[in-house]
Protein chains: 2
Amino acid sequence: MKNIAIVGATGAVGQELLSLLAARNFPVATLRPLASARSVGSFVTFRGEQVRVAEATPDAFAGIDIVFFAATGSLSKELAPAAARAGAVVIDKSSTWRMDPNVPLVVPEINPEDLRKHKGIIASPNCTTIGLVMALKPLQELTPLTRVIVTTMQAVSGTGKEAIEELEHQVESWKQGEKGELRHDIYKRQIAFNVLPYAETFTENGYSTEELKLSAETRKIMGLQELPVTMTCTRVPVFVGHSESVLVEFERPVSPDAAREAIGAFPGVRIVDDPLNFVFPTALDVAGTDETLVGRIRVDVTNPNGLWFWVVSDNLRKGAATNAVQIAEKLLEMELV
Amino acid sequence: MKNIAIVGATGAVGQELLSLLAARNFPVATLRPLASARSVGSFVTFRGEQVRVAEATPDAFAGIDIVFFAATGSLSKELAPAAARAGAVVIDKSSTWRMDPNVPLVVPEINPEDLRKHKGIIASPNCTTIGLVMALKPLQELTPLTRVIVTTMQAVSGTGKEAIEELEHQVESWKQGEKGELRHDIYKRQIAFNVLPYAETFTENGYSTEELKLSAETRKIMGLQELPVTMTCTRVPVFVGHSESVLVEFERPVSPDAAREAIGAFPGVRIVDDPLNFVFPTALDVAGTDETLVGRIRVDVTNPNGLWFWVVSDNLRKGAATNAVQIAEKLLEMELV
């Protein structure tokens with residue numbers, strides 16, 4: 001039995017973590033929900049009981065075995081080292097530590113052995129990356145990849161609770177007949193009935209930070225530091241479930257049937273691919289589930305070594321909370337905590 | 001002054017045609033709105049007057065100079081040859097005639113000279129194609145293209161009025177707290193708060209008919225029969241405005257600045273591209289306008305000869321009605337009608 005803390009317990013991912021720890025019967029001895037000062041004193045529900053939220057401070061981790069960080073990057077930067085010094089293993093959902101060479105970046109189905117290298121902090125990848133690598137890994141094992149070209153269509157819950165509310169409010173304003181661009185505080189433009197060609201913020205080279213994360217994290221998780229990954233990340237008016245349109249290029253031709261067989265045999269992924277009967281995966285199909293779904297596998301008409309596919313996964317579950325809990329489960333299994 | 005007929009005058013594109021012919025002061029002598037039997041007897045408004053809709057039959061085109069077909073492909077297949085035999089020039093919005101070698105497929109900014117070859121029927125391209133080629137043409141003139149990789153995010157109005165209503169009804173049902181997948185008759189899955197990885201229907205090779213049109217039409221309009229074009233077409237919960245995530249590859253490197261200059265100088269296209277200030281085009285910005293907007297131009301991180309960009313256009317205006325009216329205007333200007 002382990003003593004568990006969750007930093008950011010009141011947020012969208014924090015809530016999923018609480019429900020998954022209970023649903024997956026994780027051996028929790030005590031649960032300590034933590035949050036920034038403004039959420040202190042509120043309650044979260046765990047296994048049917050109300051638990052009071054305490055403030056996340058450097059002293060809050062005494063006696064804790066595993067801390068999930070599901071808060072802002074700045075809170076994680078400030079507190080994760082203190083938690084590790086206090087003897088806890090940190091599983092961090094923010095982007096803060098992911099590219100640190102001393103921090104393993106882990107999807108348990110893909111690179112569990114990297115957990116052995118941890119020095120107190122383990123990072124869980126970005127929600128967009130996880131869906132992608134779950135489909136890429138079995139393909140790479142089949143035939144080496146030479147290039148990955150991605151356009152993502154990301155759900156607002158990837159941004160957080162405030163973005164979910166912003167989309168809801170905009171739909172409400174639209175219903176009431178409001179004209180012009182609807183009020184937006186979280187995104188830079190109206191997200192309802194629109195597509196925003198960015199996620200997070202931009203860098204000098206014209207790419208968004210989200211796009212650069214997708215490339216760097218994919219390489220690190222797959223252990224392919226030279227893999228060319230190029231991408232456009234967009235935000236769509238969907239509550240839960242990231243969709244990705246992916247074109248992969250291989251060293252040699254790979255048939256769609258071989259790709260379906262390899263992906264379908266990989267744990268945590270399922271093929272949903274019968275287009276003539278309009279069977280394909282959508283964001284709606286993964287919301288609230290842990291599976292990554294892949295469909296629309298077909299040969300690129302411009303390159304016999306290329307395959308298109310469509311991948312969807314729940315950004316709050318496998319893309320965030322589930323992956324973090326799976327990391328904790330794997331740490332127990334490997335006796336690393 | 002010309003006698004004009006519109007087949008499908010009561011539909012989404014037909015309505016746009018009526019408003020554009022008036023707004024652009026097209027020299028209309030008489031207007032004859034036509035539709036399938038079930039719409040006969042209804043009225044459309046043209047220049048503030050109510051005009052009664054007559055049935056579209058092979059005999060309905062006597063004395064007509066230009067007929068716009070904005071109806072189903074089957075009606076166009078049945079009636080366009082009769083209209084042409086009656087001496088009218090047909091401008092067809094359906095996909096029926098686009099790939100016929102005897103039918104010019106025209107975007108007036110790109111290939112107006114093809115109009116001279118017409119034998120009574122002229123095709124206007126698919127809404128998805130028009131936005132794409134408006135950005136590709138100036139790039140091709142700058143440096144030859146070697147490959148085009150596209151993921152589209154298409155608005156429901158591209159499907160028609162019934163699809164707009166379906167999205168509206170689904171949003172209403174969602175507001176009322178309805179659970180499970182919301183009722184859908186037009187699309188194969190719920191479109192509200194979801195992304196559907198298809199448009200139209202599928203073929204044996206795993207591509208949708210919409211995808212194959214995008215490739216074939218782009219080649220024909222640009223007069224580049226061998227240009228490699230590969231794509232995934234998706235439908236998003238947006239009312240008006242198609243968005244496209246495009247990766248183009250050139251024979252030689254093209255700088256983003258050179259691309260911006262070339263695209264910005266092309267008629268009908270405008271650059272909206274200052275990502276550090278969150279300036280980029282969205283579907284919302286083009287709804288109700290005739291311009292094609294391009295932004296997020298940047299060098300592919302995996303190929304120095306590649307450029308990413310983001311292009312949006314109003315699928316009912318430049319993607320349909322505006323392009324058709326521009327074809328008619330060009331026919332007058334070139335004295336081809």
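Everything numeric in this text was worked out from a predicted model, so none of it was measured. Quick note on labels: first sequence line is chain A, next is B, and so on, each numbered from 1.
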Engineer: Has Glu181(B) got more than 12 heavy atoms of other residues, nucleotides or ligands less than 6.0 Å from its CD?
Structural biologist: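 Yes, because the 6.0 Å sphere around CD of Glu181(B) holds more than 12 heavy atoms from other groups.
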
Engineer: Can you tell which of Leu284(A), Val156(A), Leu167(A) makes a side-chain contact (heavy atoms from CB on, under 4.5 Å) with Phe193(B)?
Structural biologist: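 Going through Leu284(A), Val156(A), Leu167(A) one by one, the side-chain contact (heavy atoms from CB on, under 4.5 Å) with Phe193(B) is satisfied by Leu167(A) alone.
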
Engineer: Tell me, out of Ile297(A), Val148(A), Asn277(A), Val229(A), who's got the most heavy-atom pairs with chain B below 4.5 Å.
Structural biologist: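 Heavy-atom pairs under 4.5 Å are most numerous for Val229(A).
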
Engineer: A side-chain contact here means heavy atoms from C-beta on lying under 4.5 Å apart; do Asp300(B) and Arg147(A) qualify?
Structural biologist: yes

Engineer: State whether the number of non-hydrogen atoms from other residues, nucleotides or ligands found under 6.0 Å of Lys161(A) atom NZ is greater than 12.
Structural biologist: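 Yes, the 6.0 Å shell around NZ holds more than 12 heavy atoms from other groups.
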
Engineer: Given heavy-atom pairs under 4.5 angstrom as the criterion, report whether the side chain, backbone, both or neither of Val240(A) touches chain B.
Structural biologist: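 Val240(A) has no heavy atom closer than 4.5 Å to chain B.
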
Engineer: Once rounded to the nearest 0.5 Å, what's the spacing between atom CH2 of Trp174(B) and atom CZ of Phe239(A)?
Structural biologist: 4.0 Å

Engineer: Of the options Thr230(B), Thr232(B), Asn205(B), which is the one that meets Arg298(A) in a side-chain contact (heavy atoms from CB on, under 4.5 Å)?
Structural biologist: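 For Arg298(A), the side-chain contact (heavy atoms from CB on, under 4.5 Å) test succeeds with only one of Thr230(B), Thr232(B), Asn205(B), which is Thr232(B).
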
Engineer: What are the two closest heavy atoms between Thr151(B) and Ser245(A), and how far apart are they?
Structural biologist: OG1-OG, 2.8 Å

Engineer: Counting only heavy atoms not in Glu261(A), do more than 12 fall under 6.0 Å of its CD?
Structural biologist: no

Engineer: Please look at Val312(B) and chain A and tell me whether the side chain, the backbone, both or neither of the residue comes under 4.5 angstrom of a heavy atom of that chain.
Structural biologist: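 Looking at Val312(B), nothing touches chain A.
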
Engineer: Given that the side chain runs from C-beta out, which part of Val150(B) has a heavy atom under 4.5 Å from chain A: side chain, backbone, both or neither?
Structural biologist: backbone

Engineer: Please classify the contact between Val195(B) and chain A as side chain, backbone, both or neither, with a heavy-atom cut-off of under 4.5 Å.
Structural biologist: both

Engineer: Identify which of Pro237(A), Ala287(A), Gly241(A) forms the greatest number of heavy-atom pairs closer than 4.5 Å to chain B.
Structural biologist: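 Heavy-atom pairs under 4.5 Å are most numerous for Pro237(A).
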
Engineer: Determine the interplanar angle of the Phe278(A) and Tyr198(B) rings, folded into 0 to 90°, and report it as parallel if under 30°, tilted if 30 to 60°, perpendicular if over 60°.
Structural biologist: perpendicular

Engineer: Using non-hydrogen atoms and a 4.5 Å limit, figure out which bit of Leu212(B) sits close to chain A: side chain, backbone, both or neither.
Structural biologist: neither

Engineer: Please rank Glu172(A), Met153(A), Glu168(A) by heavy-atom pairs under 4.5 Å with chain B and give me the top one.
Structural biologist: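 Top option by heavy-atom pairs under 4.5 Å: Met153(A).
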
Engineer: Is it the side chain or the backbone of Glu204(A) that comes within 4.5 Å of chain B heavy atoms, both, or neither?
Structural biologist: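 For Glu204(A), heavy atoms of backbone and side chain both lie under 4.5 Å from chain B.
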
Engineer: If we define contacts as heavy-atom pairs under 4.5 Å, which of Ser215(B), Pro275(B), Pro228(B), Pro256(B) has the most with chain A?
Structural biologist: Pro275(B)

Engineer: How far apart are the C-alpha atoms of Val301(B) and Met231(A), what are their side-chain angles, what is the distance that settles it, and do they pass the side chain to side chain contact (heavy atoms under 4.5 Å, CB included) test?
Structural biologist: CA-CA 9 Å; Val301(B) 284; Met231(A) 60 277 124; 4.2 Å; yes

Engineer: Roughly how far, to the nearest 0.5 Å, is CD1 of Ile191(B) from OG1 of Thr282(A)?
Structural biologist: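 Answer for the OG1-CD1 pair, Thr282(A) versus Ile191(B), is 9.5 Å.
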
Engineer: I'd like to know if the side chain of Arg296(B) and the backbone of Pro197(A) have a donor-acceptor N/O pair within less than 3.5 Å.
Structural biologist: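 Indeed, once roles are kept as given, a pair shorter than 3.5 Å links the two residues.
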
